[in-house]
Amino acid sequence: MPKLTRRDAVLTSLAAAGALPVLSSASASAASAPSTSTSTGRASHKFEMNIEDTRITLVGNQTFHTFAFAGQVPAPLFHVGEGDLVEVTVNNLTTLPHSIHWHGILQRGTWQMDGVPDMTQLGIQPGDSFTYKFVAEPAGTMWYHCHVNVNEHVATRGMWGPFIIDRKRPTPIEREITGDYIMMFSEWASAWADKPGQGGVPGDVFDFFTINGKSFPETQPLRVKEGDVLRLRLFGAGGGFHSIHIHGHVFEIAFKDGHPLPAPIKADTVLVGPGERYDIILRCDNPGRWMIHDHIDHHTMNGHTPHGGVMTVIEYDGIPRDQPWYHWGHKQFVPDFYYEQSLKKPHGIHTNPTFKGTPIT
Ligand SMILES: [Cu+2]
């Protein structure tokens with residue numbers, strides 16, 4: 001296949017025209033066709049996404065050279081139904097090979113779509129494209145990430161995003177949920193920030209820690225009201241552990257790696273390991289202002305400076321935020337920081353401008 005430039009890739013998509021009406025601007029780097037129903041009654045989705053060299057900012061002036069899906073970290077949200085047919089064309093606009101592993105998806109009869117270089121496919125070479133086609137099963141909180149040089153590309157180049165598959169028959173606890181939030185935890189070794197193609201080696205010093213690619217105070221509050229029932233989908237998207245503690249509440253761990261537990265487990269802290277997902281249910285029954293943080297102490301630092309990293313706050317409606325010492329009193333609120341608005345939209349691929357970086361050409 002001939003090498004593609006960024007513009008060629010977009011034009012190629014446009015040539016597929018009828019298929020991708022959403023891709024209307026030359027800067028678009030992710031697109032979806034309208035969902036259709038097949039003769040089997042399954043919904044079917046066609047998506048397209050670029051991989052781009054992109055500089056993202058974790059916090060302050062700490063930037064990172066990433067290989068970003070659709071130019072953002074985390075990558076776009078894929079949200080589909082259980083059993084839907086999914087087709088994703090990936091265009092590699094970077095100078096290194098990549099692939100996508102659909103973590104948690106079974107790939108029954110489609111093992112060639114599992115995204116492991118030199119095992120199920122050749123890595124997608126610079127300028128090339130690859131189309132993944134599979135059935136979205138099982139239901140639950142899944143994710144996707146590059147599987148080429150995972151130690152670098154996932155650990156420190158931001159190649160990961162959420163893949164949410166709605167259950168055909170929701171569980172009783174799922175029917176109670178009023179708000180759905182995605183929180184992806186990762187860690188970064190700043191020594192490699194500007195050295196693409198290197199990094200992810202034993203002995204790396206991870207000195208920045210993020211929720212959805214941002215360190216406190218660049219994270220966002222969760223604004224709730226009494227009576228809300230939140231589903232927080234926690235992802236271990238990097239190579240480290242994160243011990244997530246929520247003040248003032250007992251939550252229920254209800255799903256592990258997308259699958260419902262026989263009975264929810266009550267807890268106030270949950271340890272999220274690399275690759276794991278826990279869905280926890282938080283009943284908002286204690287109005288106030290409450291911290292959420294990683295209990296691994298140095299994960300709440302930015303470099304050598306406290307406080308930062310994996311920290312945020314739950315703010316209840318009606319609790320005044322005007323105390324002069326409350327630094328977040330006038331914070332500009334970004335409602336889709338945890339994809340909570342995107343998750344309410346119809347099924348599809350959902351990009352998020354908050355996570356967009358700056359293209360590196
Ligand atoms: Cu990669």
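Start at 1 and go down the list; that is how both ligands and their atoms are numbered. Hydrogens, waters and symmetry mates play no part in the numbers below; they use all other heavy atoms, side chains included.
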Starting from Ile165, can I reach Ile100 by hopping between I/L/V/M/F/W/Y residues whose side chains sit under 4.5 Å apart? yes
If two hydrophobic side chains count as joined below 4.5 Å and joins carry through other members, does Ile319 share a cluster with Trp290? yes
Provide the atom name of the closest N, O or S atom of His98 relative to the Cu ion (ligand 1). ND1
Could you pull out the atom name of the N/O/S atom in His153 that is nearest the Cu ion (ligand 1)? ND1
Is the closest side-chain heavy-atom distance between Ile177 and Ile281 below 4.5 Å? yes
Any N, O or S atom of Cys146 closer than 2.8 Å to the Cu ion (ligand 1): yes
Partner of Asp279 under side chain to side chain donor-acceptor pair (under 3.5 Å), picked from His259, Arg231, Lys256, is Arg231
